[in-house]
Structure formats: structure tokens, C-alpha cells
Chemist: 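One structure, as C-alpha cells, below. Some questions next.
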Amino acid sequence: MKFLTTSIFSLLSLTAFAQTELTAVSAIQSQATIRISKSTKRCKYFSASAPVTMADGSVKSIADVRVGEHVKTCKDGKTAITQVRQIDIFDQPTSPLTAVYLRPAEDHATPESPIVPALLLEATPHHYVQTNHGRKRMKKLSKKDILYHYEPSTGIVSSWKVGAVQENARHVSKAYNLETVDGTYLVDNVMVANN
């Protein structure tokens with residue numbers, strides 16, 4: 001009888017906890033929106049194919065991410081999870097993307113070691129990324145800046161230095177931006193900021 005009472009109490013506690021969790025998620029989703037913007041002046045966005053790292057480690061094109069889904073980000077040198085609360089969609093955006101090429105900050109290349117390919121991050125010039133000097137716009141990045149990259153195979157967050165910045169890299173016909181609860185998320189495993 002004591003076991004049955006304990007089991008029922010445990011089940012009721014789990015049910016109450018689950019309802020609390022669902023209420024919290026619903027509250028975020030009820031405040032969430034999808035915004036279709038016509039103005040693209042000084043807007044922040046990525047191409048529709050920009051790869052976003054989801055909470056489970058899988059990758060989705062930013063165009064396929066939905067409001068309420070959980071995505072990975074970085075906090076204090078470790079990965080963390082945050083939730084998408086808004087998606088901005090831009091049809092025929094006018095601003096071209098800026099391309100930033102990144103190299104490992106700790107480059108210990110030797111003749112025997114394989115060459116690590118550069119990372120490419122593309123966004124509008126006004127989009128913010130997280131650097132060792134705080135949040136900076138893509139167009140303001142210089143070779144003194146370090147960005148943060150999450151390596152899915154090891155789970156390690158590493159530092160990558162800016163190698164080159166190419167303005168007016170290309171135009172896209174549709175573009176997207178996410179707003180998350182934490183204010184950051186990963187695009188091509190590089191930490192970017194909402195605002």
C-alpha cells in the first residue's frame with residue numbers, strides 16, 4: 001500500500017512538472033511571430049540556405065526553422081540551447097551579403113598536418129556576430145577580431161580569427177533572420193547575434 005501511494009504521488013508530481021513545462025513553452029510560442037518585411041534598409045539577414053544548428057545537433061536551412069523550435073548557441077565557452085521566438089522573412093532583399101572568411105585562431109600548421117579549410121559566414125553588413133570584443137556588425141570586422149565556432153564532432157567551442165571580409169559578395173532573392181530567447185544562435189556553427 002505504501003508503495004502504491006508513493007507511486008501515485010510520484011506520477012502526480014511528474015504530471016504537474018510536465019504541465020508547467022508545457023505552459024512555459026506555450027507562453028513563448030504565443031508571443032512568437034513570423035514577420036514578413038518589405039523594407040530591407042539596414043536589415044539583418046542570411047540567405048535561405050544558411051545552416052542553423054538545432055538543439056539535437058542536426059542542421060536545418062534557416063528557411064526550414066520554425067517558431068518555437070530549439071537551437072544551439074554558445075555561452076561561456078560551452079554550448080547551450082535557446083528557443084526561436086520570431087522569424088523575419090525578407091522577399092527580394094536589396095542589401096547584398098557580406099562574406100567573412102575565418103581561420104583557426106590557434107594555427108599550429110606543420111608540413112605533416114592537414115590544412116584546415118577556411119570557414120565562410122555570409123550575412124548582411126549590418127548583422128551582428130559575437131566576437132572577443134563583444135557584438136560587432138559584419139562590416140566592422142577586422143583581422144583583429146575572433147569569432148566563436150562550435151565543432152559538432154567534439155562538442156568544443158573554438159576561436160576563429162577573421163581572415164578576410166568581402167563586401168557585396170552576392171545578392172539573394174529571399175532571406176531570413178531568427179530571434180531567439182537567448183539573443184544568439186549558430187549559423188554554420190558560428191555564433192551570431194539577433195541584434
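Remember, predicted model here, so these are calculated numbers, not experimental data.
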Chemist: Would you please name every residue forming a salt bridge (Lys or Arg N to Asp or Glu O under 4.0 Å) with Lys174, sequence neighbours left out?
Modeler: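 In terms of salt bridge (Lys or Arg N to Asp or Glu O under 4.0 Å), with neighbours along the sequence ignored, Lys174 is linked to no residue.
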Chemist: Return the minimal non-hydrogen interatomic distance between Leu97 and Ser47, and the atom names on each side.
Modeler: CD1-CB, 4.1 Å
Chemist: Taking the side chain from Asp188 and the backbone from Val190, do they hold a donor-acceptor pair closer than 3.5 Å?
Modeler: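 Answer holds: no.
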Chemist: In terms of the angle between their ring planes, are Tyr185 and Phe46 parallel, tilted or perpendicular, with boundaries placed at 30° and 60°?
Modeler: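 Aromatic pair Tyr185/Phe46 classed perpendicular.
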Chemist: How close do Cys43 and Thr124 get, heavy atom to heavy atom, and via which atoms?
Modeler: O-OG1, 2.9 Å
Chemist: Does one side chain, of Thr180 or Asp182, offer a donor that lies under 3.5 Å from an acceptor on the other?
Modeler: no
Chemist: Could you check whether His127 and Asn177, counting side-chain N and O atoms only, form a donor-acceptor pair closer than 3.5 Å?
Modeler: yes
Chemist: Do you reckon Val71 sits in the same ILVMFWY cluster as Val67, going by side-chain contacts under 4.5 Å, direct or chained?
Modeler: yes
Chemist: May I ask you to test the Leu120-Glu122 pair for a side-chain heavy-atom distance under 4.5 Å?
Modeler: yes
Chemist: Is there a continuous path of hydrophobic side-chain contacts, each under 4.5 Å between heavy atoms, that joins Val165 to Val192?
Modeler: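 Result: yes, single cluster for both.
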Chemist: Can you find a heavy atom in the side chain of Glu69 that is under 4.5 Å from one in the side chain of Met54?
Modeler: yes
Chemist: Can you check side-chain contact (heavy atoms from CB on, under 4.5 Å) on Ser95 and His171, steps first, answer last?
Modeler: CA-CA 7 Å; Ser95 293; His171 280 86; over 6 Å; no
Chemist: Please check if the distance between the ring centroids of Tyr45 and Tyr176 is under 6.0 Å.
Modeler: no
Chemist: Identify the heavy atoms of Lys44 and Phe90 that sit nearest to each other, and give their distance.
Modeler: O-CE1, 3.7 Å
Chemist: Do Leu121 and Leu119 sit in the same hydrophobic cluster, where Ile, Leu, Val, Met, Phe, Trp and Tyr count as joined when their side-chain heavy atoms come under 4.5 Å apart?
Modeler: yes
Chemist: How far does NZ of Lys60 sit from CZ of Arg66, to the nearest 0.5 angstrom?
Modeler: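 It is 7.0 Å, given to the nearest 0.5 Å.
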Chemist: Go through it in stages, so that I can follow the logic: the residues are Gln92 and Ser173, the test is side-chain contact (heavy atoms from CB on, under 4.5 Å), and I'd like the CA-CA distance, side-chain angles, deciding distance and then a yes or no.
Modeler: CA-CA 5 Å; Gln92 300 299 325; Ser173 59; 3.9 Å; yes
Chemist: For Thr73 and Thr79, what are the C-alpha separation, side-chain angles and deciding distance, and is it a side-chain contact (heavy atoms from CB on, under 4.5 Å)?
Modeler: CA-CA 6 Å; Thr73 186; Thr79 60; over 6 Å; no
Chemist: Under 4.5 Å between side-chain heavy atoms, hopping through other hydrophobics if needed: is there a path connecting Leu186 to Val84?
Modeler: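 No, it is not one cluster - the side chains of Leu186 and Val84 are not joined through contacts under 4.5 Å.
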Chemist: In the structure I gave you, are the side-chain heavy atoms of Lys143 and Lys161 within less than 4.5 Å of one another anywhere?
Modeler: no
Chemist: If you group Ile, Leu, Val, Met, Phe, Trp and Tyr by side-chain heavy-atom gaps below 4.5 Å, do Met138 and Tyr148 land in one group?
Modeler: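 Shared cluster, no.
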Chemist: Any donor-acceptor pair under 3.5 Å linking the side chain of Tyr150 with the backbone of Met191?
Modeler: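 No; judged by distance alone, with no hydrogens or angles, the pair does not exist.
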Chemist: Taking side chain as C-beta onward, heavy atoms only, is Thr184 less than 4.5 Å from Arg135?
Modeler: yes
Chemist: Tyr128 and Arg137: side-chain donor and acceptor closer than 3.5 Å?
Modeler: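 Yes, side-chain donor-acceptor contact under 3.5 Å.
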Chemist: For a 4.5 angstrom cut-off between non-hydrogen side-chain atoms, does Ser61 reach Val52?
Modeler: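 No, every pair of side-chain atoms sits at 4.5 Å or beyond.
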Chemist: With a 4.5 Å cut-off on side-chain heavy atoms, are Ile62 and Leu178 touching?
Modeler: yes
Chemist: Would you call Val162 and Ser142 a side-chain contact if the rule is heavy atoms closer than 4.5 Å?
Modeler: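 No; the side chains remain at least 4.5 Å from each other.
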Chemist: Any side-chain heavy-atom pair from Leu141 and Leu147 closer than 4.5 angstrom?
Modeler: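 Answer yes - side chains close enough.
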